[in-house]
Amino acid sequence: MPETVLPEGAAVADAPIPPAPDDVHTRVIDWFAEAARDLPWRRPECTPWGVLVSEIMLQQTPVVRVLPRWEEWLHRWPTPAACAAAPSAEILTVWDRLGYPRRALRLQAAAEAIVERHDGEVPADPEALRALPGIGEYTAAAVSCFAFGIPEVVVDTNIRRAHARIFTGVALPGQTYTAAQRRLARDLMPDTDDDGGRRACAWNAATMELGALICTARSPQCAICPVADLCAWRAAGSPPPTEEQKTRGQAWAGTDRQVRGAIMAVLRRGEPVQAETLLAGLPLPEAEDDQRRRCLDSLVRDGLAERRGDIVALPGVLGG
DNA sequence: AATTCGGGGAA
DNA sequence: TTCCCAGAATT
């Protein structure tokens with residue numbers, strides 16, 4: 001804020017005027033109709049289970065890496081019941097290197113809960129979805145909206161960024177999902193009175209796609225953006241992100257996540273191995289013995305590995 | 001509100 | 001190297 005005191009009622013020069021939501025709705029939804037990617041979990045024949053699997057896999061993992069794993073997963077386990085009945089080791093193997101393998105176990109646990117609590121059918125109610133393992137606020141809303149057409153407020157990282165630029169006029173939304181951002185997203189939802197929520201769901205999907213394809217984090221394609229002339233961030237001169245808005249990079253080299261990942265890569269080969277051989281053979285010369293052992297222990301605690309005596313394997317393969 | 005939890009491809 | 005990706009669970 002400048003030190004200068006402005007006249008009463010005068011607009012602050014830097015404060016962008018947010019566009020009318022209705023105008024943005026029409027532009028973005030029309031753009032989506034012609035520019036949307038043909039993703040398999042968007043096809044009309046995709047089941048709610050297929051949508052649910054895609055949403056879990058897409059948590060922090062890019063679309064291009066999810067695609068082949070999703071196809072394999074749905075081919076093997078076309079229903080929650082089939083997934084629930086699978087060996088956990090197979091679950092983790094098919095998950096492969098999507099990352100955060102606890103998601104795979106939680107997805108199977110969700111499938112089990114769906115069989116037990118919902119007669120094997122993915123629930124449409126967002127509260128019922130939210131109660132399933134691995135399903136939080138975003139995923140519950142997304143499944144409810146994309147699989148069942150229920151006009152929930154869907155807010156992912158793409159939508160937060162698009163909202164921040166178009167309506168708030170800042171480069172990036174910041175690291176944490178604030179109450180103000182949640183309120184903004186809710187206020188921006190199209191009316192559901194007329195069409196029962198069809199337009200609201202289209203708005204969710206379209207805004208997400210806009211953030212993924214046009215309004216990207218690094219170099220947004222404003223030249224081909226359907227709302228460039230309405231965008232508050234553009235109107236403000238496309239100011240760069242502040243230090244507060246920048247995401248502080250997560251360290252990777254030397255972290256437990258790296259060591260755990262290296263251990264899981266070995267276990268995914270399928271053969272039980274000696275703990276000492278496994279830990280000594282990790283391609284991480286920097287890692288101390290203490291860290292290697294700690295990470296293996298944590299994997300066992302997380303149910304991602306099983307240990308009997310000196311032998312370690314994926315869960316279930318060591319038998320009773 | 002801050003941390004932890006994988007992994008890879010592009011800037 | 002750093003950044004970013006359809007987040008969730010835990011503290």
Side-chain angles (χ1 to χ4, degrees), chain A residues 32 36-37 39-42 50-70 92 95-107 109-110 129-147 152-163 171-179 181-182 185 201 204-213 215-220 241 244-268 283-284 294-295 298-299 301-304:
Chain A
F32 182 70
R37 291 168 291 180
L39 301 174
W41 44 85
R42 286 179 177 163
V51 174
L52 173 52
V53 172
S54 79
E55 293 299 344
I56 300 291
M57 289 183 169
L58 287 164
Q59 291 168 1
Q60 299 292 283
T61 303
V63 166
V64 286
R65 289 176 51 200
V66 164
L67 280 168
R69 296 298 90 207
W70 184 89
L92 292 170
W95 189 264
D96 196 34
R97 290 173 296 178
L98 283 182
Y100 298 139
R102 294 191 293 193
R103 288 184 296 164
L105 295 185
R106 287 176 183 151
L107 176 54
L129 287 162
R130 181 65 183 79
L132 298 173
I135 297 190
E137 178 178 351
Y138 160 76
T139 304
V143 172
S144 195
C145 181
F146 301 146
E152 287 296 304
V153 182
V154 177
V155 184
D156 77 324
T157 183
N158 288 313
I159 291 177
R160 286 209 303 137
R161 186 175 55 251
H163 288 174
L172 292 172
Q175 309 89 320
T176 53
Y177 182 34
T178 65
Q181 290 172 17
R182 185 180 288 102
C201 283
N204 284 332
T207 308
M208 194 176 307
E209 191 76 338
L210 187 75
L213 298 183
C215 198
T216 55
R218 244 170 282 179
S219 46
E244 186 71 13
Q245 291 164 351
K246 290 181 182 175
T247 65
R248 43 175 173 275
Q250 307 176 58
W252 170 244
T255 61
D256 284 2
R257 282 191 356 268
Q258 185 186 32
V259 175
R260 284 164 56 104
I263 294 173
M264 289 302 294
V266 174
L267 296 182
R268 258 189 253 105
L284 300 170
R294 177 159 46 81
C295 286
S298 74
L299 288 171
R301 277 198 304 278
D302 290 344
L304 290 163

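Residue numbers begin at 1 in each chain, while the letters A, B, ... track the order of the sequences.
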Return the value, rounded to whole Å, for the distance between atom CD1 of I159(A) and atom C1' of dA6(C).
8 Å

S144(A) versus L129(A), closest heavy-atom pair with distance:
N-CD1, 3.8 Å

Do the side-chain N and O atoms of E55(A) and Y138(A) include a donor-acceptor pair separated by under 3.5 angstrom?
yes

Contact class for W95(A) vs. all strands (heavy atom < 4.0 Å): base, sugar-phosphate, or nothing?
nothing

For dA6(C) and dT3(B), measure between their P atoms and round to the nearest Å.
24 Å

From CA spacing to verdict: side chain to side chain contact (heavy atoms under 4.5 Å, CB included), L52(A), F146(A):
CA-CA 9 Å; L52(A) 173 52; F146(A) 301 146; over 6 Å; no

State the CG-CG distance between L39(A) and L67(A), to the nearest 0.5 angstrom.
6.0 Å

Let me spell it out: for each of Y177(A) and R257(A), pick the nucleotide of DNA chain B with the closest heavy atom. Which residue's pick is nearer the 5' end?
Y177(A)

Whole angstrom is fine here: how far is it from CG in L67(A) over to C1' in dG9(B)?
15 Å

Checking R42(A) against S54(A): is there a side-chain donor and acceptor pair closer than 3.5 Å?
no

Just checking L304(A): base, sugar-phosphate only, or nothing, at a heavy-atom cut-off of under 4.0 Å?
nothing

Figure out the OH/P separation between Y138(A) and dC5(C), and round it to whole Å.
13 Å

Among dA6(C), dC4(C), dC5(B), find the nucleotide with the atom closest to the side chain of Y100(A).
dC5(B)

State which of dG7(C), dC3(C), dA6(C) makes the closest approach to the side chain of Q59(A).
dG7(C)

Picking from dG6(B), dA6(C), dC5(C), the nucleotide nearest the side-chain atoms of R161(A) would be dC5(C)

Rounded to whole Å, how long is the line connecting atom CD1 of I56(A) with atom P of dG7(C)?
11 Å

Here the pair of heavy atoms bringing S298(A) nearest to R260(A) is OG-NH1, 2.7 Å

Which of the following nucleotides, dA6(C), dG7(B), dC3(C), is nearest to the side chain of W252(A)?
dG7(B)

Filtered N/O pairs between nucleotides 9-11 of chain C and protein, under 3.5 Å:
| from | atom 1 | to | atom 2 | distance (Å) |
| --- | --- | --- | --- | --- |
| dA9(C) | OP1 | G134(A) | N | 2.7 |

Counting the atoms with a prime plus P, OP1 and OP2 as sugar-phosphate, which does R301(A) contact under 4.0 Å by heavy atoms, base, sugar-phosphate, or nothing?
nothing

Quantified in whole Å, what is the P atom distance between nucleotide dA11(B) and nucleotide dC5(C)?
13 Å

Find the runs of at least 3 consecutive base pairs, i with j, i+1 with j-1 and so on, that include DNA chain B, using Watson-Crick or G-U wobble geometry with both distances under 3.5 Å.
B:1-5 with C:7-11

Whole-Å P distance, dG6(B) and dT11(C):
16 Å

Tell me whether the side-chain N or O atoms of T61(A) pair up with the base of dG6(B) as donor and acceptor below 3.5 Å, since no angle test is needed here.
yes

When rounded to the nearest 0.5 angstrom, what is the spacing between CZ in R103(A) and CG in L98(A)?
6.0 Å

OP1 or OP2 of dA8(C) less than 4.0 angstrom from a side-chain nitrogen or oxygen of T139(A), does that happen here?
yes

dC5(C) C1' sits how many Å from R69(A) CZ, rounded?
18 Å

Here the distance between atom P of dA6(C) and atom CZ of R103(A), to the nearest Å, is 12 Å

Looking at dC4(C), I'd like to know if its phosphate oxygens (OP1 or OP2) sit under 4.0 Å from a side-chain N or O belonging to R160(A).
no

Would you give the length of the straight line joining atom CD of Q181(A) to atom NE2 of H163(A), rounded to the nearest 0.5 angstrom?
10.0 Å

Rounded off to whole Å, could you give me the CG-to-P distance for the D256(A) and dT4(B) pair?
9 Å

Value for CD (E152(A)) from CZ (R130(A)), rounded to nearest 0.5 Å, stands at 12.5 Å

Regarding the side chain of R37(A), the nearest nucleotide among dA8(C), dA6(C), dG6(B) is dA6(C)

Is any N or O donor-acceptor pair between the side chain of R97(A) and the base of dG8(B) shorter than 3.5 Å?
no

When rounded to the nearest 0.5 angstrom, what distance separates CG in L210(A) from CD1 in I159(A)?
10.0 Å

Separation of dA6(C) atom P from W70(A) atom CH2, nearest Å, is 17 Å

In terms of side-chain geometry, is the basic nitrogen of R37(A) or E209(A) positioned less than 4.0 Å from the acidic oxygen of its partner?
yes

Let's see if you can work this out: which of dC5(B), dA6(C), dC4(C) has an atom nearest to the side-chain heavy atoms of A217(A)?
dC4(C)

Whichever of G99(A) and S219(A) has the more 5' nearest nucleotide on DNA chain B, that residue is G99(A)

